[in-house]
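Have a look at the structure below, then the notes.
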Number of protein chains: 4
Amino acid sequence: MSRTIGSNGPKTMEAIYAAGLGLIYRHGYAAMSLRQLASEVGIQPGSLYNHIRTKQDLLFSLLQTHMETLLHALNEALEPHTTPEEQLRAFVAFHVNYHITRRAEVFICYSELRSLEPANYEIIVSLRRAYERRLMMILAGGNAEGAVTVPDIPATAYALLAMLTGVCTWYKPGGRLSPEDLVALYTELTVRAAKPLPSLHTQT
Amino acid sequence: MSRTIGSNGPKTMEAIYAAGLGLIYRHGYAAMSLRQLASEVGIQPGSLYNHIRTKQDLLFSLLQTHMETLLHALNEALEPHTTPEEQLRAFVAFHVNYHITRRAEVFICYSELRSLEPANYEIIVSLRRAYERRLMMILAGGNAEGAVTVPDIPATAYALLAMLTGVCTWYKPGGRLSPEDLVALYTELTVRAAKPLPSLHTQT
Amino acid sequence: MSRTIGSNGPKTMEAIYAAGLGLIYRHGYAAMSLRQLASEVGIQPGSLYNHIRTKQDLLFSLLQTHMETLLHALNEALEPHTTPEEQLRAFVAFHVNYHITRRAEVFICYSELRSLEPANYEIIVSLRRAYERRLMMILAGGNAEGAVTVPDIPATAYALLAMLTGVCTWYKPGGRLSPEDLVALYTELTVRAAKPLPSLHTQT
Amino acid sequence: MSRTIGSNGPKTMEAIYAAGLGLIYRHGYAAMSLRQLASEVGIQPGSLYNHIRTKQDLLFSLLQTHMETLLHALNEALEPHTTPEEQLRAFVAFHVNYHITRRAEVFICYSELRSLEPANYEIIVSLRRAYERRLMMILAGGNAEGAVTVPDIPATAYALLAMLTGVCTWYKPGGRLSPEDLVALYTELTVRAAKPLPSLHTQT
DNA sequence: GATGAATGAGCATTCATTCAT
DNA sequence: AATGAATGAATGCTCATTCAT
C-alpha cells in the first residue's frame, strides 16, 4: 500500500540478502519464491532484478561471501597460536562461536550445495576444502609431535567437523547452555577424541 | 491407444518409493517434480495417484517407514549388550553401519523435516527423539557407573550423533576406508570422547 | 466459465494450430502471447503444453508442415507439363492459386524466418530453396531451348517470385478480381517478362 | 556516481534512431526491447525517455521520416521525364537504387505496419498509397498513349512494386550483381512486362 | 540529459492435482 | 492400474514506463 518512492539503493540490497538468507534457511532454496522474498523486502518481484541477476546468483553470493568471511576470520583466530593443542582448542572455540552466531549462513552452506550450478558449486566447494584443510593440518601437526594422536587424519577431521557443526541444528540462543558452555563442552569432547586413551595404549 | 508398457501392478509402488527416495536425496523434496518421478518410474504423472495420495504423503511415508525400521533395528542391535561401554560400542557400530548402507533415507530424514506439514512433522520428530533417547540413556547409565563420563548428557548425545551421522556426507562405497574401518574409527573417537582424560582427572 | 471436461485430444491440437496460424499472421510471432492463443482455443495457458513443446516448436511445426505440403503440391502441379513455357504457366497458376488460398501460411513463412532458432531456420530455408530451384530450373530449360529468355536466372527467379508472392499482401477474397483473373494477370506479366521484346532484339 | 560516459547531447537522438532502425530491422518491433536499444546506444533504459515519448513513437517517427523522404526523392527523380516509358524507367531505377541503399527502412515500412496504432497506421498507409499512385499514373499514361499496355492498372502496379521491392530481401552489397546490374535487370523485366508481346497481338 | 531504483502488468513455462476414459 | 487432457495457481524473469535525484 504505502508506496516507497525514489532511490533506496544499498539498503534494498542489504534487505534482499538478509531476507534471502532467512528464507533459504527456513524453507530451502527451491522452496523459496522470489515473490516471497520481494514481499519480505517490501518491493515488487520485478524490482529484485535491479539488485540481483538471478535467483541462483543470490544463492551463490550468499555462500561465497559467507565462505570468504569465514576463512578470513579463521585465519585471524588461529594466528596467535603455535602448538597443535592450542591450535586445536582455538579452532574449536572459533568454529563453535562463529557457527552459533551465523547459524543460517553455515546451514545453507551445507544444505544448498546441491542447488548450485556446476561452476558455482566448484568455487564454493573449493573454499570449503580450504577450511577443512586447516583442521587437517592442525591434526597432522599434533600427530607429528605426539601431542595429539588421531587414527586417520581426513576421516577424523570430517568426523570432528560434523560434530562441531551439528551445534547449529539444536542450539537456540537463550537456551539452557550459553555459548561459553558450548565452547567448553565441544572443546572437551574434541580434545578427548584427539588424544589416545592412555590406559589403552599403556596396555598395548 | 491401449495399455502402454511400463511398470505395472504391485511393482509400481515399490518403483515409486525407490525413485522418490533417490530424487529427494539428490534434488530435495521441493525441487523434485512429480513429472520427473513419473518419468523415472516409466508412467504418466496422473498414474502416480493410483499409488500415492499426495506428494507430501510420499515424503511422509518414506520418512516414517525409515524411522520405524531404524528404531526396530536399533533395539535388536542393543538387546544382547548390558554394560554401558558395550552398549555404546554397539550403538556406534549399529549407527555407522546402518547409516552408510541407507545414506539416502538417513539424509532426507534430517534435511526434509522442514518440508513436512506440521502434523507429519510431529510424528517424525517424536520418532527421532526416541532414537536419540536411546543414546542418552546409554550415556546416563555410563555416567552412573563411572565407566563413561560425559559433561552434559543431551548436549553430548547431540554432538556424538552429529559426528556419527556425518559419515553419510562423505562416505562413498569402495573408497579408501571400508565400513569396518569406519566402525573402528568412529568407535575409537566416541569412546575417547565419552571417557575423561585420566591425566586431567588425576591432576585435579 | 463453461468447463470443458475430459479428453478432447486431436481437436484441441488442430484448434491450436489454426488459432496459432491466425495470431502469428495478424500480430507476428513475438507479439502473440500464449495466453491469447489459449484463450482463442478455449483452454488454460498451461494446457497448451499437453500439445506443443514450446512456442518456438509451434512456429516451426507450422512452417515445416506448410513448406512440405507446398513442395509436394508443386510437384504434382508440374508433373503433366513438359515444355518450358507450359511449365512456367503451370508454375504461375499453381503459385498464385496456392498462395491466395493459404495467405497466412505463406506470409508467416517469409516474415517469421527470423523468429526461428538457428537449427530450425536452416531446415525451413533449405525447403524454401528447393522450391525456388524449381522455378530456376524451368527458366534454365527455357533459356536452353530459346523459348524463354531471361537475363540472369537466379535474379529473375527471385524477382518473379517476389512479384507472384506479393499477391498475398493485397488480395482479398470477394474483391474486384477473381482468382482466375489473378492467375491470368500474373501469367501474362510473367510470360511477358520471361520473353525478350522482339523489337529490341531485332534491332540489336 | 557522477556523469557516466556514453553518448550525450544531440548525438544521442541520432544514435537512438540508428540503433532502433537496426534492431527493428533485425528482430522486429515486438521483439526489440528498449533495454536492448538503450544498451546499444550506451545509456540506461530510463534515459531513452529524454528523447522519445514511447516505443510506439519511435517506430512511427522512423516510418514517417522514411516515407516522407522517399516521396520527396521520388518526385525529384521523376521530374525531368515526360514520356511514360521514360518515366517508368526512371521509376524503376529510382526505386531499386533507393531500396537497396535503405533496405532497413524499406523493410520495416512493410513489415511493421501492423505494429502501428490505428491513428499512426492511417498516416503511414496514406503516404504509401501516394507512392503507389505515382506508379499507377505512369502506367495509366502509358496505356493512354499505347506505349505501354498493361491488363489492370492497380493489380499490375502492385505486382511490379512487389517485384521491385523484393530486391531488398536478397540483395547483399558486394554480391555478384552490382546496383547497376540490378537496375538494368529490373528495368528489362519491368519494361517487358509493361509491353504486350507483339507476336501474340499480331496473331490475334 | 542521465541515472538507478521502482512499478505493475505481462511473459513462457511448470506445477500438483483431477478425472473421464 | 494406466492414460492423456485438463485445471488454476505459481514460477523465475522481462517489459515499457516513471521519477526523485
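Each chain gets a letter, A, B and so on, in the order its sequence line appears, and its residues count up from 1.
- Distance check, rounded to the nearest 0.5 Å: CG of D:Leu127 to NE2 of D:His66 gives 10.0 Å.
- Separating the CG atom in B:Leu48 from the CZ atom in B:Arg53 is a distance of 14.5 Å, to the nearest 0.5 Å.
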ask   = Which dot-bracket string fits DNA chain F when only Watson-Crick or G-U wobble pairs with both atom distances under 3.5 Å count, crossing pairs get [ ], and | stands for a partner on a different strand?
value = .||||||||||||||||||||
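- Between D:Leu34 atom CG and F:dT17 atom C1' the separation is 9 Å, expressed in whole Å.
- Judged as a salt bridge (Lys or Arg N to Asp or Glu O under 4.0 Å), and not counting sequence neighbours, D:Arg103 has no contacts.
- Using a 4.0 Å cutoff on non-hydrogen atoms, the parts of residues 44-56 of chain C near DNA chain E are C:Gly46, C:Tyr49, C:Thr54, C:Lys55, ordered by number.
- For the pair C:Glu117/C:Phe60, no side-chain contact is recorded, criterion being any heavy-atom separation below 4.5 Å from C-beta on.
- Two residues are said to be in side-chain contact when any heavy atoms from C-beta on lie closer than 4.5 Å; B:Glu112 and B:Leu116 fail this criterion.
- Atom NZ in C:Lys11 sits roughly 16 Å away from atom C1' in F:dA6 (whole-Å rounding).
- Legend: residues meeting side chain to side chain contact (heavy atoms under 4.5 Å, CB included) with D:Thr69, ordered by chain and number and at least two apart, are D:Thr65, D:Tyr98, D:Arg102.
- Taking only side-chain nitrogens and oxygens, C:Arg35 comes nearer than 4.0 Å to OP1 or OP2 of E:dC11.
- A:Met13 comes within contact range of no nucleotide atom at all, as no heavy-atom separation falls under 4.0 Å.
- Counting heavy atoms of neighbouring residues, nucleotides and ligands inside a 6.0 Å radius, atom OH of D:Tyr121 does not exceed 12 of them.
- A search for side chain to side chain contact (heavy atoms under 4.5 Å, CB included) contacts involving B:Glu40 returns B:Ala19, B:Leu23, B:Arg26, not counting sequence neighbours.
- When the P atom of E:dT13 is taken as reference, atom CG of C:Leu37 falls 12 Å away, rounded to whole Å.
- In this structure, CD1 of B:Ile43 is placed 12 Å from P of F:dG4, rounded to the nearest angstrom.
- Rounding to the nearest 0.5 Å gives a distance of 8.5 Å between SG of D:Cys168 and OH of D:Tyr110.
- A residue-by-residue look at B:Ala31 and C:Met32 shows that C:Met32 has its nearest nucleotide of DNA chain E further toward the 5' end.
- In this structure, the separation between CG on C:Leu62 and CD1 on C:Ile52 is 10.0 Å, given to the nearest 0.5 Å.
- Annotation: proximity of residues 16-30 of chain A to DNA chain F (heavy atom, distance under 4.0 Å) is found for no residue.
- Using a 4.0 Å cut-off, some side-chain N or O of D:Thr12 falls inside it from OP1 or OP2 of E:dA2.
- Considering CG of A:Leu58 and CG of A:Leu34, their distance stands at 7.5 Å, rounded to 0.5 Å.
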